[in-house]
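Numbered from 1 within each chain, the chains take letters A, B, ... in sequence-line order. These numbers come from a predicted model, not from an experiment. Just so you know, these numbers use all the heavy atoms, side chains as well, and skip hydrogens, waters and symmetry mates.
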There are 2 protein chains.
Amino acid sequence: MSEQLGLRERKKLETRQRIIDVALALFDKRGFERVPVAEIARASDVSEATVFNYFPSKEDLVYGGMQAYEDELVAAVAARPDGTSAVTAFRDFVLEPRGALAADDDGTATAAVARAARIIAGSQTLQAREQRIVDHATDALAELIARDGEAPPGLGPWVAANALMGVHRAMTRLAQRLASEGHKGAEVGRTVRAQGAAAFALLEKGLDALPV
Amino acid sequence: MSEQLGLRERKKLETRQRIIDVALALFDKRGFERVPVAEIARASDVSEATVFNYFPSKEDLVYGGMQAYEDELVAAVAARPDGTSAVTAFRDFVLEPRGALAADDDGTATAAVARAARIIAGSQTLQAREQRIVDHATDALAELIARDGEAPPGLGPWVAANALMGVHRAMTRLAQRLASEGHKGAEVGRTVRAQGAAAFALLEKGLDALPV
DNA sequence: TAGTGCGACTCTATCTTTAGAGTGACTATA
DNA sequence: TATAGTCACTCTAAAGATAGAGTCGCACTA
C-alpha cells in the first residue's frame with residue numbers, strides 16, 4: 001500500500017484527491033452547474049489556477065477517473081498477448097475485480113458510486129460528456145477489432161465494439177442502481193461481475209441464445 | 001481574528017506553525033539534541049530545506065518567538081514618545097497583558113509555556129542561546145539608555161538595562177514555574193504581572209526600599 | 001438589441017517548495 | 001589516532017502554486 005513516493009509527488013496526489021472530494025461533495029449538494037470552479041478552489045484551499053492545472057476542464061473533476069478507465073481498457077485490448085482475441089481481452093479486463101468495489105467493507109466506495117450517479121443524473125452537460133467518452137472508446141475499440149480480422153471493412157467491427165461497450169455500460173449502471181438502493185460494496189461487485197459475465201457469454205454465443 | 005490574508009501568505013503561516021508545533025512536541029518527548037531536523041521535516045510534511053527556509057537554525061524553532069519578542073521590546077523602547085523615559089517604556093511593554101497568557105481559558109498556553117521550560121531545561125545549547133539573546137537585548141537597551149541621559153559614559157546604562165532585563169527574566173521564570181506547577185493561564189498572567197509591577201517599583205525606588 | 005455580469009478557462013511573472021548533492025564539525029569506535 | 005557516521009546547514013536547478021489580469025461565450029435585462 002505504501003507506494004514510497006517522494007514528498008513532491010505525494011503532495012500532488014493529495015491535492016488532486018482533495019480537490020475531487022471537495023468538488024463532488026459540492027456537486028452532490030447543489031448540482032454540477034451551480035458550483036463555480038472558484039468556489040471549489042476556495043474550499044479546497046488552492047487557487048483557481050491550480051484546479052485547472054490538475055483538471056483541464058470542470059467536467060474532468062467528475063470524469064477524469066472514467067476517462068482514465070476507458071483509456072486503460074482500450075490500451076489493455078491493444079496490448080493483449082498474441083493469440084488472445086480482442087473480445088476476450090475486453091471481457092477479462094472488465095470482469096477483473098478492481099478498485100474500491102472489490103473490497104468495500106464500510107460502504108465508502110458504494111456511497112461514492114451512488115453519489116456519482118446522482119451528480120451525473122442532475123446534469124445534462126455531464127451526461128453528454130459521458131456519451132462522448134463512450135463514443136470515443138467505442139471508435140478506438142472498433143479500430144482495434146478491425147485491424148484484427150481480415151474481414152472486409154464493414155459494420156462488423158463497430159457493431160462488435162458497441163456491443164462490448166454496451167456490456168460495460170450496463171454493468172456500470174447496474175452498479176449505480178444497486179449502490180443507490182443501498183447494497184454494499186462486496187455484494188455489488190459480485191453481482192455486477194456475475195451479470196457481466198453472463199452478458200458477455202450471451203454476446204459470444206450469439207443473440208439466438210436468448211431465451212424466448 | 002480573520003486577517004484576510006491571501007492564500008499564499010496564509011499557507012506560509014500555517015506551514016510555519018505546523019513545523020513549530022511538530023518540533024516542540026518532538027523536543028519535549030525526546031530532547032532537543034536528539035531530534036534531527038530531517039525528522040522534524042518528515043513529521044511536518046515538508047522537506048528539510050523548507051525547515052531551513054523558515055528557520056535559520058534549529059534553535060530558532062524554539063527561540064524564534066522569544067527573539068521576536070526581545071526585538072519588539074527594544075524597538076518599543078527605541079520608539080517611545082518624547083517625554084517617556086526608557087525605564088517607563090520598558091516597564092509598560094513588559095507589563096502589558098499580551099499573547100496567549102492574557103486569556104488562556106483551556107490552559108493550552110500555560111501547557112505550552114511549561115513545555116518550553118522543560119525543553120530548554122533539557123538542553124545546554126538552548127540555555128546558551130537564551131543567554132545570548134538576553135545579552136544582546138541588554139546591550140541594545142543599554143545603548144538606548146545611554147543615548148537618553150547626558151551622563152558621562154559609565155556603567156550606569158548597562159547596569160540599568162541589566163536590572164530591567166532581570167525583571168523580565170524573573171517574570172518569565174515565574175511564569176514557567178507556575179505553569180509547570182499546574183496553575184492555569186489567566187491566574188498565571190495576573191500573578192506574573194503583579195509581581196513584575198512590584199519588582200519594577202522596587203528598582204525605581206531604589207534597592208534601599210527593600211524591607212530588612 | 002445593446003449592455004452587463006458571471007463564469008470557464010488562459011497566460012505570465014513571481015513566489016515557494018522540493019530534489020539532491022555537498023561541506024564541515026563533531027562523535028563514536030576500532 | 002585513523003575512520004566512518006551523523007547531523008546541521010548550504011546551494012542550485014527544476015517543479016509547483018499563486019496573483020492578477022484578461023479573453024470569450026452565454027444568459028439576463030434594459
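Electrostatic pairing of Asp45(A) and Arg10(B) counts as a salt bridge here, judged by a charged N lying under 4.0 Å from a carboxylate O. Salt bridge status for Arg34(B) with Glu39(B): absent, with no side-chain N to carboxylate O gap under 4.0 Å.
The separation between Asn53(B) atom CG and dT16(C) atom P is 9 Å, rounded to whole Å. Look at CG on Asp45(A): it is 15 Å from C1' on dT16(C), rounded to the nearest Å. Atom CZ of Arg8(B) is separated from atom C1' of dT17(C) by 12 Å (rounded to the nearest Å). At whole-Å resolution of the value, CD in Glu39(A) and P in dC6(C) are 15 Å apart. What separates CG of Leu7(B) from P of dT16(C) is a distance of 12 Å, to the nearest Å. The separation between Arg30(A) atom CZ and dG7(C) atom C1' is 13 Å, rounded to whole Å.
Residue contacts for Asp60(B): at a heavy-atom cut-off of 4.0 Å it reaches no nucleic acid atom on any strand shown. Tyr54(B) comes within 4.0 angstrom of sugar-phosphate atoms only, judged by non-hydrogen atoms across all strands, and of no base.
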Using a cutoff of under 3.5 Å, can you pull out all pairs of nitrogen or oxygen atoms linking the protein to nucleotides 8-10 of chain C, with atom names and distances?
residue: dA8(C); atom: OP1; partner: Val37(A); partner atom: N; Å: 3.4
residue: dA8(C); atom: OP1; partner: Lys58(A); partner atom: NZ; Å: 3.0
residue: dA8(C); atom: OP2; partner: Val37(A); partner atom: N; Å: 2.9
residue: dC9(C); atom: OP2; partner: Lys58(A); partner atom: N; Å: 2.7

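If you check the side chains of Ser57(A) and Asp60(A), you find a donor sitting under 3.5 Å from an acceptor.
From the 5' end on, the contacts that DNA chain D makes with chain B at under 4.0 Å to a non-hydrogen atom open and close at dC7(D) to dA19(D).
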